Number of protein chains: 2
Amino acid sequence: MARPRNRDYGELRRELIDTAGRLLAAEGPSALSTRRVAQRAGVSTTAVYKLFGDKAGLVREMFLAGFERLAEAFEAVPRTGDPLADLAALGRAYRANALSNPHLYELMFGRPVPEFEPDEEVADLIRPTYDALVEAVARCVEAGVFAPAEPEDVALRLNGLTHGLCSLELRAALGSAEEASRHWDDAFDTMLRGLAVHRADSDR
Amino acid sequence: MARPRNRDYGELRRELIDTAGRLLAAEGPSALSTRRVAQRAGVSTTAVYKLFGDKAGLVREMFLAGFERLAEAFEAVPRTGDPLADLAALGRAYRANALSNPHLYELMFGRPVPEFEPDEEVADLIRPTYDALVEAVARCVEAGVFAPAEPEDVALRLNGLTHGLCSLELRAALGSAEEASRHWDDAFDTMLRGLAVHRADSDR
DNA sequence: CGATGTTTTGTAACGACGTTACGGTACTAT
DNA sequence: ATAGTACCGTAACGTCGTTACAAAACATCG
């Protein structure tokens, strides 16, 4: 004697997340309000709270959607016989993803929305994406392209550099697109040269 | 027939900026409201608007105060005969400044307050601090410690890495303080080795 | 089919925010 | 003393996140 069956909310969920993403991209973080998202999707604000609990819940889903996109971009990177080239391709994929979803990137790796802070569960969902990087580094070490080192440590260094460059580029601190590409290439060259096995080490 | 003399507002300005900084550090970006800042300083919200125009004006001053602190930290780094050591010391000063003023750092290099975006004038005030880095790099190149390169380009690479590492550490992604220090040292070692003149280049 | 009880949802409200209009207060120059 | 201007606090407007409440929708049971 009740109404136990919930309707399928998957569609509305996706629609709201999508709407929120477009709103964020179009008008920036200050436009991302539950009211406006609901209004754009043609539902009441209550619906948002029913589905996501609060604004942080909505932002959390956007956050996860962003990581899904990044994971897809990583999976699209082929695994060739050249581990160094694969690693560089991962870096390019990371950069391209950041540039084509700047606001989502800020959401994922900046701190623009004070309502939401990633928790333990979210961290677990993110880890596999990071592991792809670690694994690419491990292949470089195994192939003898890199000097022996802990892949996790090297991945962290590369991640630091990559995130820093993304951050600078999104702030337009890398100049034009061509200049930026040059900076990326140079920075990666430098870092990879530092990681490589070089004769000087064995000479001393 | 008037009241032309303006009182000296310097004190109240500093007090408000300071109060806002402490509020930001204590309770995060969401607590940074003109109302609360004014209340803490014991004045009316109108005073804030009188002195800073709007909230963005206040945030702008906080932003500049943060850069002043960073500039002071940079100036405290001595200029020894070892340009490489000086460069590393600059990196450590940057890191220490970020860690001791995390919210201010977010304000300066993240994007937590959507109300304020640095303009041209602010960029000019910041440049000298960045130039200190460029100059330190130039000394390394001149001394023959680094392979010949444009100091601006190399500085950008180092800035990218440094900012990326700060960003990761502020997100607690670098582990304990000791682990983080090790990561910093390793990352800088790697990058600096990549920038150094090494025998392998001339051997080929 | 209709009654029932739960789920869903829109309306309206609360408190806090940024911002500003307004009116009173304080003070200087005459 | 008075007039006129700078200053400042109060209160308001619109918007925000969030929630209480009541109406509506609907699956189950008689």
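The model shown is predicted, which means the values in this text are computed figures rather than measured ones. Every chain is numbered from 1 and lettered A, B, ... according to where its sequence line falls, protein lines coming before strand lines. Only this structure's heavy atoms are used, side chains among them; waters, hydrogens and symmetry mates stay out.
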>> The criterion is side-chain hydrogen bond (donor to acceptor under 3.5 Å, both in side chains); which residues satisfy it with B:D18, sequence neighbours excluded?
In response: B:R22
> When the C1' atoms of the five terminal pairs at each end define the local axes, what inter-axis angle does the helix from C:dC1-D:dG30 to C:dT30-D:dA1 show, to 10 degrees?
Replying inline: 20°
All N/O pairs under 3.5 Å across the protein-nucleotides 15-20 of chain C interface:
| unit_1 | atom_1 | unit_2 | atom_2 | d |
| --- | --- | --- | --- | --- |
| C:dG18 | OP1 | B:T34 | N | 3.3 |
| C:dG18 | OP1 | B:K55 | NZ | 3.2 |
| C:dG18 | OP2 | B:T34 | N | 3.0 |
| C:dG18 | OP2 | B:T34 | OG1 | 3.1 |
| C:dG18 | N7 | B:R35 | NH1 | 2.2 |
| C:dG18 | O6 | B:R35 | NH1 | 3.2 |
| C:dG18 | O6 | B:R35 | NH2 | 3.1 |
| C:dT19 | OP2 | B:Y49 | OH | 3.1 |
| C:dT19 | OP2 | B:K55 | N | 2.8 |

> So, for B:L165 and B:A187, which heavy atoms are closest and what is the spacing to 0.1 Å?
Replying inline: CD1-CB, 3.7 Å
Nearest-Å distance for atom pair [atom1]/[atom2], residues [X] and [N]:
{"X": "A:E27", "N": "D:dC16", "atom1": "CD", "atom2": "P", "result": "11 Å"}
{"X": "A:L51", "N": "D:dT18", "atom1": "CG", "atom2": "P", "result": "14 Å"}
{"X": "B:K50", "N": "D:dT10", "atom1": "NZ", "atom2": "P", "result": "17 Å"}
{"X": "B:L16", "N": "D:dC8", "atom1": "CG", "atom2": "P", "result": "11 Å"}

>> Given 3.5 Å as the limit, does a donor-acceptor pair link the side chain of A:D119 with the main chain of A:V122, or not?
In response: yes
>> Taking A:S176's backbone N and O only, do any of them form a donor-acceptor pair with A:E179's side chain (distance below 3.5 Å, no angle check)?
In response: yes
>> Show, in sequence, the C-alpha distance, side-chain angles and deciding distance for B:F67 and B:F109, and conclude whether the ring pair (Phe, Tyr, Trp, His ring centres under 6.0 Å) test is met.
In response: CA-CA 10 Å; B:F67 268 99; B:F109 300 111; 5.4 Å; yes
> In terms of side-chain geometry, is the basic nitrogen of B:R139 or B:E135 positioned less than 4.0 Å from the acidic oxygen of its partner?
Replying inline: yes
> With the threshold set at 4.0 Å, does a side-chain nitrogen-carboxylate oxygen contact exist between A:E121 and A:R127?
Replying inline: no
>> Is the ring pair B:H163/B:Y105 parallel, tilted or perpendicular, if the boundaries are 30 and 60 degrees?
In response: tilted
